[in-house]
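Structure first, commentary second.
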Amino acid sequence: MAAAAAAKTDAAAGGEAPPAKGGSKKLLLILLPVLLLVGGGAGLWFTGILPGLLGMGAPPVTEEAAAAEAEAAPPPRSPPAFVELPEIISNLNAPGRRPVFVRLRAKLEISKAEDAAVVTEAMPRLLDLFQTYLREVRPEELRGSAGTHRLREELIARATLAAAPARITDVLFMEFLVQ
């Protein structure tokens with residue numbers, strides 16, 4: 001202990017000052033406002049407030065520009081048309097002796113009403129593709145909303161192939177029963 005006391009008195013006599021303890025506080029007082037300013041500026045920039053204040057925003061819309069934009073707008077879309085599919089009853093690929101069936105009533109949504117005749121003409125091919133696909137599906141693949149979504153996507157892909165010039169946009173299930 002005497003050696004430690006002697007070392008203290010030697011350090012005090014040598015003129016060395018103890019290390020400053022306020023350095024981290026000074027650093028905090030300098031960096032905190034800088035970080036707040038940078039963060040606030042970034043927030044104003046990305047919300048679009050700062051570019052508007054600096055005059056970097058979009059030019060004001062004049063009546064001529066608004067009229068030109070209205071003329072250039074695409075024509076309104078025609079409402080979709082629907083083609084009803086006949087009821088499909090098919091057995092599923094189920095293991096074991098107990099057969100599992102699916103009963104499906106659906107409508108096809110097509111982009112143009114003029115394509116309804118094309119889809120109606122392709123109905124035998126559509127039903128064949130749907131039946132052969134459903135016979136390969138296992139019952140557990142149809143469980144839940146993910147199974148229904150997967151089935152919808154597969155039927156849309158097959159319907160698009162079967163009714164080639166017509167564009168099938170969706171398959172809407174009216175009745176979907178797995179027994």
Side-chain angles (χ1 to χ4, degrees), residues 4 7-8 11-12 14-85 102 104-116 118-119 126 129-130 133-134 137-178:
K8 270 189 184 180
E16 292 179 22
K21 294 183 179 178
S24 62
K25 289 182 183 178
K26 287 180 188 176
L27 184 64
L28 183 65
L29 288 175
I30 293 171
L31 284 180
L32 187 63
V34 170
L35 289 176
L36 285 175
L37 285 174
V38 169
L44 289 173
W45 178 266
F46 288 114
T47 57
I49 296 171
L50 190 60
L53 291 175
L54 296 176
M56 297 170 54
V61 179
T62 62
E63 290 180 24
E64 295 171 0
E69 186 176 315
E71 290 174 8
R77 285 185 53 198
S78 62
F82 299 96
V83 177
E84 183 145 359
L85 290 173
V102 65
L104 176 69
R105 277 189 332 117
K107 288 186 180 186
L108 298 176
E109 181 180 338
I110 55 178
S111 58
K112 294 185 279 184
E114 298 86 36
D115 291 339
V118 174
V119 173
L126 276 167
L129 288 173
F130 286 5
Y133 173 70
L134 287 171
V137 173
R138 293 186 298 276
E140 57 269 8
E141 292 175 358
L142 297 176
R143 289 201 176 98
S145 62
T148 305
H149 181 71
R150 191 177 314 114
L151 176 66
R152 175 176 282 120
E153 294 299 319
E154 287 291 334
L155 294 181
I156 289 172
R158 284 166 171 68
T160 302
L161 286 174
R167 184 166 172 256
I168 309 294
T169 56
D170 202 2
V171 174
L172 307 171
F173 297 127
M174 300 293 116
E175 182 180 358
F176 183 64
L177 178 68
V178 178

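- Using a distance-only test at 3.5 Å, with no hydrogens or angles considered, no donor-acceptor pair links the side chain of Thr169 to the main chain of Ser111.
- Taking all atoms of both residues into account, the shortest heavy-atom contact from Ala81 to Ala113 is CB-CA, 3.6 Å.
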Exercise answer: donor-acceptor pairs, residues 31-38 side-chain atoms, under 3.5 Å, sequence neighbours excluded:
none

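- Under the rule for a side chain to side chain contact (heavy atoms under 4.5 Å, CB included), the partners of Ile49 that lie at least two apart in sequence or sit in another chain are Leu44, Thr47, Leu53.
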Apply side chain to side chain contact (heavy atoms under 4.5 Å, CB included) to the pair Leu142 and Thr148, showing each step before the final yes or no. CA-CA 6 Å; Leu142 297 176; Thr148 305; over 6 Å; no
Derivation of the side chain to side chain contact (heavy atoms under 4.5 Å, CB included) call for Leu155 and Leu104: CA-CA 12 Å; Leu155 294 181; Leu104 176 69; 4.1 Å; yes
Derivation of the side chain to side chain contact (heavy atoms under 4.5 Å, CB included) call for Leu134 and Leu151: CA-CA 9 Å; Leu134 287 171; Leu151 176 66; 3.9 Å; yes
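- Scanning all heavy atoms of the two residues, the minimum distance from Glu109 to Pro80 falls at OE2-CB, 3.5 Å.
- Evaluation of the side chain to side chain contact (heavy atoms under 4.5 Å, CB included) rule for Leu177 yields Arg103, Gln179 as partners, not counting sequence neighbours.
- Arg167 contributes atom CZ, which lies 10.0 Å from atom CD1 of Ile156 (distance to the nearest 0.5 angstrom).
- A salt bridge (charged side-chain N to carboxylate O under 4.0 Å, His left out) check over residues 27-42, counting only residues at least two apart or in different chains, returns nothing.
- Every residue meeting the salt bridge (charged side-chain N to carboxylate O under 4.0 Å, His left out) condition with Glu154, not counting sequence neighbours, appears here in chain and number order: Arg158.
- In this view, Glu84 and Arg105, Lys107 satisfy the side chain to side chain contact (heavy atoms under 4.5 Å, CB included) rule, not counting sequence neighbours.
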Checking Val119 against Leu126 for the side chain to side chain contact (heavy atoms under 4.5 Å, CB included) test, could you report, in this order, the C-alpha distance in whole Å, the side-chain angles of both residues, the deciding distance, and whether it holds? CA-CA 9 Å; Val119 173; Leu126 276 167; 4.0 Å; yes
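- Under the ring-ring contact (aromatic ring centres under 6.0 Å, His included) criterion, Phe176 pairs with Phe173, not counting sequence neighbours.
- The side chain to side chain donor-acceptor pair (under 3.5 Å) test applied to Arg150 returns no partner, not counting sequence neighbours.
- In terms of heavy atoms, Ala116 sits closest to Ile110 at N-CD1, 3.4 Å.
- Atom CZ of Arg152 has more than 12 heavy atoms from other residues, nucleotides or ligands within 6.0 Å.
- Among residue pairs with one or both ends in residues 28-39, none qualify as salt bridge (charged side-chain N to carboxylate O under 4.0 Å, His left out); sequence neighbours excluded.
- Here Ala157 pairs with nothing under the side chain to side chain contact (heavy atoms under 4.5 Å, CB included) rule; sequence neighbours left out.
- Among residues two or more places apart in sequence or in another chain, the salt bridge (charged side-chain N to carboxylate O under 4.0 Å, His left out) test is passed with Glu140 by Arg138.
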